[in-house]
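Below you'll find the structure, written out as structure tokens, and then a few comments.
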Amino acid sequence: MKLFKALVPLKKHLDQQNLTSLGLVPTMGALHDGHLALVRKAVEENEKVVVTIFVNPTQFDDQKDLDAYPKTLEDDLEKLACFGEKIAVYAPEVEDLYPKEAVSEHYDFGELETTMEGGSRKGHFQGVATIVQKLLKGFMPTRAYFGEKDYQQLAIIHALVQQKELPIEIVDCPIVREKDGLAMSSRNRRLNEKQRAIAPQIYSLLTQVVEKKHTHSIEEINRWVTAFFEQQAEFELDYFCIADARSLQPLRDKNTTQNARAFIAVKMGEIRLIDNVKF
Ligand code: PAF
């Protein structure tokens, strides 16, 4: 497994191999089993895979959050070593991807970016689209792999690829959970012992929401979720919403679509966790 700090030599390395297919797995590092599931799938489906490790500054609207984001390159490389020569790792400094200034491009994703994460994290998806476009155009992979935990991000990336007419297959990969149900996330390692012990309640709440599907209206479910969090000192609810899985617009009536998902974001102290399930 080779590590590259710059795009140009990595592109040269790949071009020399006359590949029939290339997979791309963009990450911000602090790798966990969820990331490794993406890499495994990419390795199964492509002749060669590039895993990128880059904490993208333009998608953070809060400098404190950016500074606190775990950076664990050595540990990440150890986790990836088992994939051997099938993968190459690209872990650049900011200047390699943003040679002038680390600022976002401008995109119009319409309603897709105004709800949920877009409402809570100003400019977040403009930053995500900027870096994903750079990586997709830089490597022009056959397929690129993203997890459904960041479901709204995935919808934005599908829209980006369509708008820019990039001939790249975006592969949606299911959420990987800890044994107790907590969705795997690089942010989980920042939870203290007490927070980690109760964090699985987020997923347990979502499964109860799904159970209420046939007996409660969406308004009743929304009220039930709000009441649950009013009694929880450790959690601060950012948003909960049952939305159409394509448009991501909140639903008022559960009978308007067969294709709905329940989305949630909560804060535990400084740490923000998100999750979603099919509704
Ligand atoms: O999901 C992530 O880890 C990031 O948002 C991504 C897609 C690697 C872009 O920085």
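In listed order, ligands and their atoms are each counted from 1.
Residue pairs meeting the side-chain hydrogen bond (donor to acceptor under 3.5 Å, both in side chains) criterion with at least one member in residues 155-168, sequence neighbours excluded: H158-D172.
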Donor-acceptor list for residues 3-10 side chains, cut-off 3.5 Å, not counting sequence neighbours:
{"unit_1": "K5", "atom_1": "NZ", "unit_2": "A91", "atom_2": "O", "d": "3.3"}

Per-pair distances, 0.1 Å, donor-acceptor, side chain in residues 38-45, under 3.5 Å, sequence neighbours excluded:
{"unit_1": "K41", "atom_1": "NZ", "unit_2": "E45", "atom_2": "OE2", "d": "2.8"}
{"unit_1": "E45", "atom_1": "OE1", "unit_2": "Y145", "atom_2": "OH", "d": "2.7"}

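N46 and R143 form a side-chain donor-acceptor contact under 3.5 Å, judged by distance and modelled atom types alone.
F279 and L237 fall within the same hydrophobic cluster, defined by Ile, Leu, Val, Met, Phe, Trp and Tyr side-chain heavy atoms under 4.5 Å apart, directly or through other members.
Within the model, atoms CZ of F235 and CG of L273 stand 8.5 Å from one another, a figure rounded to the nearest 0.5 Å.
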Show the distances, to 0.1 Å, for all pairs joining an N/O atom of ligand 1 and a protein N/O atom that are shorter than 3.5 Å, listing one pair per line.
{"unit_1": "ligand 1", "atom_1": "1 (O)", "unit_2": "Q153", "atom_2": "NE2", "d": "2.8"}
{"unit_1": "ligand 1", "atom_1": "5 (O)", "unit_2": "Q59", "atom_2": "NE2", "d": "2.9"}
{"unit_1": "ligand 1", "atom_1": "5 (O)", "unit_2": "Q153", "atom_2": "OE1", "d": "2.7"}
{"unit_1": "ligand 1", "atom_1": "10 (O)", "unit_2": "Q59", "atom_2": "OE1", "d": "2.7"}

